[in-house]
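The structure appears right after this line, and notes come after that.
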Number of protein chains: 2
Amino acid sequence: MATHFERQLEELHVQIITMGSLCEKVISLSNRAIRGDKCIQEIFDTDKEIDTKEREIENLCMRILLHQQPVARDLREVSAALKMISDMERIGDQASDIADLSKFIEENHVQIPELIGKMAEMTVGMVTESVDAFVKRDLDLCRKVIDDDDQVDDAFNQIKEELAELMYQNLDAKAGLDLLMTAKYMERIGDHAVNIAEWVEYAITGVHRNNEHQLGGH
Amino acid sequence: MATHFERQLEELHVQIITMGSLCEKVISLSNRAIRGDKCIQEIFDTDKEIDTKEREIENLCMRILLHQQPVARDLREVSAALKMISDMERIGDQASDIADLSKFIEENHVQIPELIGKMAEMTVGMVTESVDAFVKRDLDLCRKVIDDDDQVDDAFNQIKEELAELMYQNLDAKAGLDLLMTAKYMERIGDHAVNIAEWVEYAITGVHRNNEHQLGGH
(Lines give C-alpha, C1' and ligand atoms only; values in the text may rest on other atoms or scores of the structure.)
Protein backbone atom coordinates (compact mmCIF):
# COMPACT_ATOMS: atom_id res chain seq x y z
CA MET A 1 0.00 0.00 0.00
CA ALA A 2 1.23 3.45 -0.86
CA THR A 3 2.24 5.66 2.06
CA HIS A 4 0.72 9.09 2.54
CA PHE A 5 3.97 10.56 1.26
CA GLU A 6 3.90 8.42 -1.89
CA ARG A 7 0.34 9.49 -2.60
CA GLN A 8 1.31 13.14 -2.20
CA LEU A 9 4.25 12.67 -4.54
CA GLU A 10 1.93 11.00 -7.04
CA GLU A 11 -0.41 13.99 -6.79
CA LEU A 12 2.58 16.27 -7.34
CA HIS A 13 3.43 14.39 -10.55
CA VAL A 14 -0.14 14.70 -11.84
CA GLN A 15 -0.21 18.42 -11.10
CA ILE A 16 3.15 19.02 -12.80
CA ILE A 17 1.94 17.13 -15.88
CA THR A 18 -1.17 19.31 -15.99
CA MET A 19 0.88 22.49 -15.66
CA GLY A 20 3.22 21.25 -18.39
CA SER A 21 0.29 20.68 -20.76
CA LEU A 22 -0.91 24.22 -20.15
CA CYS A 23 2.57 25.49 -21.04
CA GLU A 24 2.60 23.50 -24.27
CA LYS A 25 -0.83 24.86 -25.13
CA VAL A 26 0.11 28.47 -24.48
CA ILE A 27 3.28 28.22 -26.61
CA SER A 28 1.32 26.80 -29.56
CA LEU A 29 -1.34 29.47 -29.17
CA SER A 30 1.25 32.26 -29.18
CA ASN A 31 2.65 30.92 -32.44
CA ARG A 32 -0.86 31.03 -33.92
CA ALA A 33 -1.57 34.53 -32.60
CA ILE A 34 1.29 36.13 -34.53
CA ARG A 35 -0.19 34.57 -37.67
CA GLY A 36 -3.48 36.36 -37.14
CA ASP A 37 -5.47 33.67 -35.29
CA LYS A 38 -7.94 35.25 -32.90
CA CYS A 39 -6.65 33.58 -29.77
CA ILE A 40 -5.07 36.40 -27.77
CA GLN A 41 -7.70 36.19 -25.01
CA GLU A 42 -7.24 32.43 -24.83
CA ILE A 43 -3.51 33.00 -24.28
CA PHE A 44 -4.15 35.40 -21.40
CA ASP A 45 -6.67 32.97 -19.88
CA THR A 46 -4.25 30.07 -20.16
CA ASP A 47 -1.50 32.19 -18.58
CA LYS A 48 -3.85 32.80 -15.64
CA GLU A 49 -4.59 29.08 -15.37
CA ILE A 50 -0.85 28.47 -15.25
CA ASP A 51 -0.48 31.01 -12.42
CA THR A 52 -3.25 29.29 -10.47
CA LYS A 53 -1.68 25.90 -11.04
CA GLU A 54 1.65 27.24 -9.76
CA ARG A 55 0.00 28.32 -6.52
CA GLU A 56 -1.68 24.95 -6.07
CA ILE A 57 1.57 23.10 -6.60
CA GLU A 58 3.44 25.49 -4.29
CA ASN A 59 0.92 24.79 -1.57
CA LEU A 60 1.21 21.07 -2.10
CA CYS A 61 5.03 21.25 -1.95
CA MET A 62 5.01 23.35 1.21
CA ARG A 63 2.58 20.90 2.85
CA ILE A 64 4.85 18.01 1.93
CA LEU A 65 7.95 19.85 3.18
CA LEU A 66 6.42 20.92 6.46
CA HIS A 67 4.50 17.79 7.35
CA GLN A 68 6.58 15.00 5.87
CA GLN A 69 10.02 16.56 6.30
CA PRO A 70 11.39 14.44 3.46
CA VAL A 71 15.12 13.83 3.13
CA ALA A 72 17.62 12.94 0.40
CA ARG A 73 16.07 12.16 -2.97
CA ASP A 74 12.50 12.80 -1.81
CA LEU A 75 13.49 16.24 -0.57
CA ARG A 76 15.27 16.94 -3.85
CA GLU A 77 12.21 15.96 -5.81
CA VAL A 78 10.00 18.42 -3.92
CA SER A 79 12.64 21.18 -4.07
CA ALA A 80 13.06 20.58 -7.80
CA ALA A 81 9.30 20.77 -8.32
CA LEU A 82 9.22 24.16 -6.56
CA LYS A 83 11.89 25.42 -8.96
CA MET A 84 10.35 23.86 -12.06
CA ILE A 85 6.97 25.52 -11.59
CA SER A 86 8.65 28.88 -11.32
CA ASP A 87 10.10 28.38 -14.81
CA MET A 88 6.79 27.04 -16.11
CA GLU A 89 5.03 30.12 -14.82
CA ARG A 90 7.44 32.27 -16.79
CA ILE A 91 6.72 30.37 -19.97
CA GLY A 92 3.14 31.58 -19.59
CA ASP A 93 4.40 35.14 -19.14
CA GLN A 94 6.53 34.97 -22.28
CA ALA A 95 3.60 33.63 -24.29
CA SER A 96 1.50 36.56 -23.03
CA ASP A 97 4.27 38.93 -24.10
CA ILE A 98 4.11 37.39 -27.59
CA ALA A 99 0.32 37.80 -27.54
CA ASP A 100 0.76 41.50 -26.75
CA LEU A 101 3.13 41.92 -29.67
CA SER A 102 0.97 39.89 -32.05
CA LYS A 103 -1.56 42.72 -32.21
CA PHE A 104 1.02 44.98 -33.86
CA ILE A 105 2.51 42.24 -35.99
CA GLU A 106 -0.85 41.31 -37.45
CA GLU A 107 -1.72 44.94 -38.20
CA ASN A 108 1.38 45.27 -40.33
CA HIS A 109 0.66 42.14 -42.39
CA VAL A 110 4.31 41.19 -42.36
CA GLN A 111 5.66 37.83 -43.38
CA ILE A 112 6.53 35.80 -40.26
CA PRO A 113 9.96 34.11 -40.52
CA GLU A 114 9.35 30.37 -40.82
CA LEU A 115 11.91 29.68 -38.14
CA ILE A 116 9.70 31.27 -35.47
CA GLY A 117 7.17 28.48 -36.00
CA LYS A 118 10.00 26.00 -35.80
CA MET A 119 11.12 27.52 -32.48
CA ALA A 120 7.57 27.12 -31.13
CA GLU A 121 7.52 23.45 -32.13
CA MET A 122 10.92 22.79 -30.63
CA THR A 123 10.14 24.44 -27.29
CA VAL A 124 6.80 22.62 -26.97
CA GLY A 125 8.73 19.37 -27.42
CA MET A 126 11.28 20.42 -24.80
CA VAL A 127 8.58 21.15 -22.22
CA THR A 128 6.83 17.83 -22.89
CA GLU A 129 10.08 15.93 -22.54
CA SER A 130 11.31 17.69 -19.42
CA VAL A 131 8.05 16.96 -17.59
CA ASP A 132 8.18 13.40 -18.86
CA ALA A 133 11.75 13.11 -17.58
CA PHE A 134 10.63 14.32 -14.13
CA VAL A 135 7.79 11.84 -13.82
CA LYS A 136 9.79 8.90 -15.21
CA ARG A 137 13.06 9.97 -13.56
CA ASP A 138 14.66 9.66 -16.98
CA LEU A 139 18.15 11.14 -16.92
CA ASP A 140 18.83 10.66 -20.66
CA LEU A 141 15.64 12.45 -21.60
CA CYS A 142 16.34 15.52 -19.49
CA ARG A 143 19.86 15.70 -20.89
CA LYS A 144 18.42 15.56 -24.41
CA VAL A 145 16.27 18.60 -23.60
CA ILE A 146 19.31 20.50 -22.38
CA ASP A 147 21.17 19.69 -25.59
CA ASP A 148 18.20 20.52 -27.82
CA ASP A 149 18.31 24.13 -26.71
CA ASP A 150 21.32 24.77 -28.93
CA GLN A 151 19.01 24.45 -31.93
CA VAL A 152 16.61 26.98 -30.45
CA ASP A 153 19.48 29.41 -29.83
CA ASP A 154 20.76 28.88 -33.38
CA ALA A 155 17.29 29.58 -34.74
CA PHE A 156 17.16 32.86 -32.82
CA ASN A 157 20.52 34.00 -34.17
CA GLN A 158 19.49 33.03 -37.68
CA ILE A 159 16.23 34.97 -37.38
CA LYS A 160 18.16 38.01 -36.19
CA GLU A 161 20.39 37.84 -39.29
CA GLU A 162 17.33 37.32 -41.50
CA LEU A 163 15.51 40.29 -40.04
CA ALA A 164 18.52 42.59 -40.40
CA GLU A 165 18.74 41.48 -44.05
CA LEU A 166 15.03 42.10 -44.62
CA MET A 167 15.33 45.52 -42.99
CA TYR A 168 18.22 46.43 -45.31
CA GLN A 169 15.74 45.66 -48.09
CA ASN A 170 12.26 46.89 -47.27
CA LEU A 171 10.99 45.45 -43.97
CA ASP A 172 9.64 48.24 -41.78
CA ALA A 173 11.97 48.89 -38.81
CA LYS A 174 9.17 48.70 -36.22
CA ALA A 175 7.87 45.42 -37.62
CA GLY A 176 11.44 44.09 -37.61
CA LEU A 177 11.89 45.03 -33.96
CA ASP A 178 8.58 43.37 -33.01
CA LEU A 179 9.49 40.18 -34.83
CA LEU A 180 12.89 40.13 -33.13
CA MET A 181 11.21 40.43 -29.75
CA THR A 182 8.86 37.57 -30.63
CA ALA A 183 11.81 35.34 -31.53
CA LYS A 184 13.54 36.43 -28.31
CA TYR A 185 10.53 35.39 -26.22
CA MET A 186 10.55 31.98 -27.92
CA GLU A 187 14.25 31.70 -27.16
CA ARG A 188 13.56 32.52 -23.50
CA ILE A 189 10.91 29.81 -23.43
CA GLY A 190 13.62 27.40 -24.54
CA ASP A 191 15.84 28.64 -21.68
CA HIS A 192 13.06 27.97 -19.19
CA ALA A 193 12.61 24.45 -20.58
CA VAL A 194 16.35 23.93 -20.02
CA ASN A 195 16.06 25.19 -16.45
CA ILE A 196 13.24 22.72 -15.86
CA ALA A 197 15.33 19.87 -17.29
CA GLU A 198 18.31 20.90 -15.15
CA TRP A 199 16.18 20.68 -12.02
CA VAL A 200 14.98 17.26 -13.08
CA GLU A 201 18.61 16.22 -13.47
CA TYR A 202 19.28 17.58 -9.97
CA ALA A 203 16.32 15.66 -8.54
CA ILE A 204 17.70 12.44 -10.00
CA THR A 205 21.44 12.87 -9.46
CA GLY A 206 21.66 15.20 -6.47
CA VAL A 207 23.97 17.53 -8.38
CA HIS A 208 22.95 20.64 -10.30
CA ARG A 209 25.14 21.06 -13.36
CA ASN A 210 25.51 24.83 -12.97
CA ASN A 211 26.73 24.60 -9.42
CA GLU A 212 26.72 22.45 -6.35
CA HIS A 213 23.11 22.94 -5.42
CA GLN A 214 22.59 21.19 -2.10
CA LEU A 215 19.10 22.35 -1.21
CA GLY A 216 18.44 21.63 2.43
CA GLY A 217 21.22 19.12 2.36
CA HIS A 218 22.69 20.01 5.69
CA MET B 1 17.87 37.53 24.21
CA ALA B 2 17.27 36.64 20.59
CA THR B 3 15.93 33.17 19.90
CA HIS B 4 17.69 30.83 17.49
CA PHE B 5 14.95 31.57 14.97
CA GLU B 6 15.41 35.34 15.31
CA ARG B 7 19.14 34.97 14.75
CA GLN B 8 18.53 32.91 11.62
CA LEU B 9 16.09 35.51 10.33
CA GLU B 10 18.66 38.21 11.02
CA GLU B 11 21.22 36.21 9.05
CA LEU B 12 18.69 35.88 6.23
CA HIS B 13 18.32 39.67 6.13
CA VAL B 14 22.07 40.20 5.97
CA GLN B 15 22.43 37.66 3.16
CA ILE B 16 19.58 39.22 1.15
CA ILE B 17 21.16 42.67 1.54
CA THR B 18 24.47 41.28 0.24
CA MET B 19 22.77 39.63 -2.73
CA GLY B 20 20.91 42.87 -3.45
CA SER B 21 24.18 44.83 -3.50
CA LEU B 22 25.63 42.37 -6.00
CA CYS B 23 22.58 42.91 -8.21
CA GLU B 24 22.98 46.68 -8.06
CA LYS B 25 26.64 46.31 -8.95
CA VAL B 26 25.99 44.04 -11.92
CA ILE B 27 23.33 46.36 -13.36
CA SER B 28 25.67 49.37 -13.16
CA LEU B 29 28.48 47.36 -14.72
CA SER B 30 26.30 46.28 -17.63
CA ASN B 31 25.45 49.90 -18.32
CA ARG B 32 29.17 50.68 -18.43
CA ALA B 33 29.99 47.70 -20.65
CA ILE B 34 27.79 48.90 -23.52
CA ARG B 35 29.68 52.18 -23.38
CA GLY B 36 33.00 50.41 -24.00
CA ASP B 37 34.24 49.96 -20.44
CA LYS B 38 36.34 46.82 -20.14
CA CYS B 39 34.23 45.17 -17.46
CA ILE B 40 32.63 42.21 -19.23
CA GLN B 41 34.60 39.65 -17.21
CA GLU B 42 33.68 41.45 -13.99
CA ILE B 43 30.02 41.13 -14.96
CA PHE B 44 30.32 37.38 -15.51
CA ASP B 45 32.17 37.02 -12.20
CA THR B 46 29.55 39.02 -10.33
CA ASP B 47 26.81 36.94 -11.95
CA LYS B 48 28.54 33.83 -10.60
CA GLU B 49 28.79 35.38 -7.14
CA ILE B 50 25.06 36.04 -7.30
CA ASP B 51 24.42 32.39 -8.17
CA THR B 52 26.51 31.27 -5.22
CA LYS B 53 24.71 33.65 -2.90
CA GLU B 54 21.37 32.28 -4.12
CA ARG B 55 22.43 28.76 -3.15
CA GLU B 56 23.59 29.89 0.28
CA ILE B 57 20.32 31.67 0.96
CA GLU B 58 18.30 28.71 -0.35
CA ASN B 59 20.12 26.45 2.06
CA LEU B 60 19.50 28.82 4.92
CA CYS B 61 15.79 29.05 4.06
CA MET B 62 15.42 25.29 3.78
CA ARG B 63 17.15 24.84 7.14
CA ILE B 64 14.79 27.36 8.73
CA LEU B 65 11.74 25.72 7.15
CA LEU B 66 12.69 22.20 8.11
CA HIS B 67 14.02 22.81 11.61
CA GLN B 68 11.96 25.74 12.85
CA GLN B 69 8.71 24.99 11.02
CA PRO B 70 7.71 28.65 11.18
CA VAL B 71 4.08 29.68 10.81
CA ALA B 72 2.12 32.77 9.76
CA ARG B 73 4.22 35.84 9.13
CA ASP B 74 7.53 34.09 9.86
CA LEU B 75 6.70 31.42 7.31
CA ARG B 76 5.71 34.07 4.78
CA GLU B 77 8.98 35.89 5.29
CA VAL B 78 11.03 32.77 4.54
CA SER B 79 8.81 31.81 1.58
CA ALA B 80 9.09 35.34 0.20
CA ALA B 81 12.88 35.24 0.55
CA LEU B 82 12.98 32.01 -1.48
CA LYS B 83 11.03 33.74 -4.24
CA MET B 84 12.98 37.00 -4.08
CA ILE B 85 16.35 35.35 -4.59
CA SER B 86 15.07 33.62 -7.69
CA ASP B 87 14.30 37.03 -9.21
CA MET B 88 17.63 38.42 -8.03
CA GLU B 89 19.44 35.54 -9.68
CA ARG B 90 17.73 36.42 -12.96
CA ILE B 91 18.89 40.02 -12.71
CA GLY B 92 22.42 38.65 -12.84
CA ASP B 93 21.50 36.62 -15.93
CA GLN B 94 20.06 39.64 -17.70
CA ALA B 95 23.17 41.69 -16.94
CA SER B 96 25.28 38.88 -18.41
CA ASP B 97 23.09 38.92 -21.51
CA ILE B 98 23.77 42.65 -21.83
CA ALA B 99 27.50 41.96 -21.39
CA ASP B 100 27.33 39.46 -24.28
CA LEU B 101 25.66 42.02 -26.51
CA SER B 102 28.00 44.82 -25.47
CA LYS B 103 30.82 43.21 -27.48
CA PHE B 104 28.90 43.80 -30.71
CA ILE B 105 27.58 47.18 -29.69
CA GLU B 106 31.03 48.49 -28.90
CA GLU B 107 32.45 47.17 -32.20
CA ASN B 108 29.91 49.18 -34.13
CA HIS B 109 30.68 52.46 -32.32
CA VAL B 110 27.01 53.35 -32.19
CA GLN B 111 25.51 56.09 -30.08
CA ILE B 112 23.81 54.58 -27.03
CA PRO B 113 20.35 56.07 -26.41
CA GLU B 114 20.57 58.14 -23.23
CA LEU B 115 17.45 56.51 -21.86
CA ILE B 116 19.25 53.16 -21.51
CA GLY B 117 21.49 54.72 -18.85
CA LYS B 118 18.41 56.14 -17.22
CA MET B 119 16.83 52.67 -17.13
CA ALA B 120 19.96 51.30 -15.44
CA GLU B 121 19.79 54.00 -12.77
CA MET B 122 16.10 53.46 -12.17
CA THR B 123 16.38 49.69 -11.82
CA VAL B 124 19.35 49.95 -9.45
CA GLY B 125 17.19 52.19 -7.26
CA MET B 126 14.30 49.73 -7.43
CA VAL B 127 16.48 46.84 -6.27
CA THR B 128 17.93 48.89 -3.39
CA GLU B 129 14.49 49.94 -2.25
CA SER B 130 12.86 46.51 -2.52
CA VAL B 131 15.58 44.94 -0.37
CA ASP B 132 15.29 47.84 2.04
CA ALA B 133 11.54 47.32 2.18
CA PHE B 134 12.06 43.64 3.03
CA VAL B 135 14.45 44.28 5.86
CA LYS B 136 12.46 47.19 7.31
CA ARG B 137 9.07 45.62 6.52
CA ASP B 138 8.17 48.90 4.84
CA LEU B 139 4.95 48.53 2.89
CA ASP B 140 4.99 52.02 1.39
CA LEU B 141 8.48 51.54 0.05
CA CYS B 142 7.73 48.27 -1.72
CA ARG B 143 4.61 49.80 -3.25
CA LYS B 144 6.71 52.70 -4.51
CA VAL B 145 8.99 50.22 -6.30
CA ILE B 146 6.00 48.57 -7.95
CA ASP B 147 4.74 51.96 -9.17
CA ASP B 148 8.19 53.09 -10.35
CA ASP B 149 8.27 50.30 -12.92
CA ASP B 150 5.87 52.26 -15.14
CA GLN B 151 8.69 54.69 -15.83
CA VAL B 152 11.01 51.86 -16.81
CA ASP B 153 8.38 50.45 -19.16
CA ASP B 154 7.79 53.89 -20.65
CA ALA B 155 11.52 54.29 -21.22
CA PHE B 156 11.64 50.97 -23.09
CA ASN B 157 8.77 51.94 -25.37
CA GLN B 158 10.35 55.32 -26.03
CA ILE B 159 13.70 53.69 -26.88
CA LYS B 160 11.92 51.37 -29.30
CA GLU B 161 10.37 54.35 -31.08
CA GLU B 162 13.71 56.16 -31.09
CA LEU B 163 15.54 53.18 -32.56
CA ALA B 164 12.94 52.67 -35.30
CA GLU B 165 13.33 56.37 -36.14
CA LEU B 166 17.13 56.10 -36.22
CA MET B 167 16.90 53.02 -38.40
CA TYR B 168 14.66 54.88 -40.88
CA GLN B 169 17.53 57.35 -41.08
CA ASN B 170 20.91 55.63 -41.03
CA LEU B 171 21.32 53.41 -37.95
CA ASP B 172 22.51 49.96 -39.03
CA ALA B 173 19.73 47.38 -38.62
CA LYS B 174 21.90 44.92 -36.66
CA ALA B 175 23.07 47.62 -34.27
CA GLY B 176 19.45 48.72 -33.83
CA LEU B 177 18.38 45.17 -32.99
CA ASP B 178 21.22 44.81 -30.44
CA LEU B 179 20.33 48.08 -28.75
CA LEU B 180 16.68 47.07 -28.59
CA MET B 181 17.65 43.82 -26.89
CA THR B 182 19.80 45.74 -24.39
CA ALA B 183 16.86 47.98 -23.51
CA LYS B 184 14.64 44.90 -23.25
CA TYR B 185 17.02 43.27 -20.76
CA MET B 186 16.95 46.45 -18.66
CA GLU B 187 13.16 46.39 -18.79
CA ARG B 188 13.19 42.76 -17.61
CA ILE B 189 15.45 43.75 -14.73
CA GLY B 190 12.76 46.25 -13.74
CA ASP B 191 10.17 43.45 -13.87
CA HIS B 192 12.28 41.33 -11.55
CA ALA B 193 12.60 44.23 -9.11
CA VAL B 194 8.79 44.48 -9.15
CA ASN B 195 8.49 40.75 -8.47
CA ILE B 196 10.82 41.17 -5.50
CA ALA B 197 8.77 44.08 -4.18
CA GLU B 198 5.54 42.09 -4.62
CA TRP B 199 6.95 39.27 -2.52
CA VAL B 200 7.94 41.78 0.15
CA GLU B 201 4.38 43.06 0.11
CA TYR B 202 3.15 39.47 0.48
CA ALA B 203 5.51 38.85 3.40
CA ILE B 204 4.10 41.89 5.18
CA THR B 205 0.40 41.66 4.32
CA GLY B 206 -0.14 37.95 3.71
CA VAL B 207 -1.74 38.68 0.34
CA HIS B 208 0.01 38.61 -3.02
CA ARG B 209 -1.44 41.26 -5.31
CA ASN B 210 -1.44 39.08 -8.43
CA ASN B 211 -3.34 36.29 -6.80
CA GLU B 212 -4.23 34.79 -3.50
CA HIS B 213 -0.85 33.30 -2.71
CA GLN B 214 -1.23 31.34 0.49
CA LEU B 215 2.10 29.56 0.60
CA GLY B 216 1.93 26.76 3.09
CA GLY B 217 -1.10 28.42 4.58
CA HIS B 218 -3.17 25.27 4.99
Side-chain angles (χ1 to χ4, degrees), chain A residues 48 51-52 54-56 58-71 75 78-79 82-83 86-87 89-90 93 97 156 159-161 163-169 171-181 183-185 187-188 191 195 208 210-218, chain B residues 48 51-52 54-56 58-71 75 78-79 82-83 86-87 89-90 93 97 104 156 159-161 163-169 171-181 183-185 188 191 195 208 210-218:
Chain A
K48 270 196 200 134
D51 291 348
T52 307
E54 187 194 17
R55 292 198 304 280
E56 287 173 19
E58 263 170 4
N59 284 334
L60 177 58
C61 288
M62 296 304 272
R63 281 205 306 277
I64 299 177
L65 284 176
L66 292 172
H67 301 145
Q68 306 281 350
Q69 303 199 44
V71 292
L75 172 58
V78 179
S79 312
L82 271 174
K83 289 292 191 171
S86 168
D87 278 285
E89 188 267 328
R90 299 202 190 231
D93 292 345
D97 285 338
F156 173 72
I159 289 168
K160 195 169 151 188
E161 298 287 322
L163 289 174
E165 208 48 62
L166 288 169
M167 286 157 87
Y168 291 137
Q169 292 161 25
L171 176 64
D172 177 73
K174 270 185 199 157
L177 294 175
D178 285 336
L179 286 172
L180 180 76
M181 290 312 310
K184 186 66 196 176
Y185 291 133
E187 192 236 22
R188 292 293 297 161
D191 290 343
N195 291 345
H208 194 287
N210 288 348
N211 36 54
E212 298 293 320
H213 266 279
Q214 296 280 356
L215 265 179
H218 44 98
Chain B
K48 269 195 200 133
D51 290 349
T52 307
E54 186 194 17
R55 292 197 305 279
E56 287 173 20
E58 264 171 3
N59 284 334
L60 178 58
C61 288
M62 297 304 273
R63 282 203 306 278
I64 299 177
L65 284 176
L66 291 172
H67 302 146
Q68 306 282 351
Q69 303 199 42
V71 292
L75 172 59
V78 179
S79 312
L82 272 174
K83 289 292 190 170
S86 168
D87 278 285
E89 187 267 328
R90 300 202 187 230
D93 292 344
D97 285 338
F104 304 104
F156 173 72
I159 289 170
K160 194 169 151 189
E161 299 286 322
L163 288 174
E165 207 49 61
L166 289 169
M167 287 156 88
Y168 291 136
Q169 292 161 24
L171 176 63
D172 175 74
K174 270 184 200 158
L177 294 176
D178 285 336
L179 286 172
L180 180 76
M181 290 313 310
K184 185 67 197 176
Y185 291 132
R188 291 295 296 162
D191 289 344
N195 290 345
H208 194 287
N210 288 346
N211 37 54
E212 297 293 321
H213 266 279
Q214 296 280 356
L215 265 179
H218 46 98

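Throughout, a chain's letter reflects where its sequence line sits, starting with A, and its residues are numbered from 1. Since this is a predicted model, take the numbers as computed values, not measurements.
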What option among [options] has the most heavy-atom pairs under 4.5 Å with chain A?
options	answer
Asp178(B), Leu177(B), Leu180(B)	Leu177(B)
Gln69(B), Arg90(B), Glu165(B)	Arg90(B)
Cys61(B), Ser86(B), Ala173(B)	Ala173(B)

Less than 4.5 Å to any heavy atom of chain B: does that hold for the side chain of [X], its backbone, both, or neither?
X	result
Asn195(A)	side chain
Asp191(A)	neither
Lys160(A)	both

May I ask you to decide whether Lys83(B) forms a salt bridge with Glu54(A), counting only side-chain N to carboxylate O separations under 4.0 Å?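 Salt bridge: yes.
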Do Lys184(A) and Lys184(B) make a side-chain contact, defined as non-hydrogen atoms from C-beta onward lying under 4.5 Å apart?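 A side-chain contact is absent here, since even the closest heavy-atom pair is not under 4.5 Å.
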Indicate the atoms forming the closest heavy-atom contact of Leu66(A) with Leu65(B), along with that distance.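 Closest approach of Leu66(A) to Leu65(B), heavy atoms only: CD2-O, 3.8 Å.
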Which heavy-atom pair separates Tyr168(B) from Lys174(A) by the least distance, and what is that distance?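 Scanning both residues, the minimum pair turns out to be OH-N, 3.9 Å.
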Distance in Å, Leu82(A) CG paired with Glu58(B) CD, rounded so as to fall on 0.5 Å steps: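 Reported to 0.5 Å precision, the distance equals 10.0 Å.
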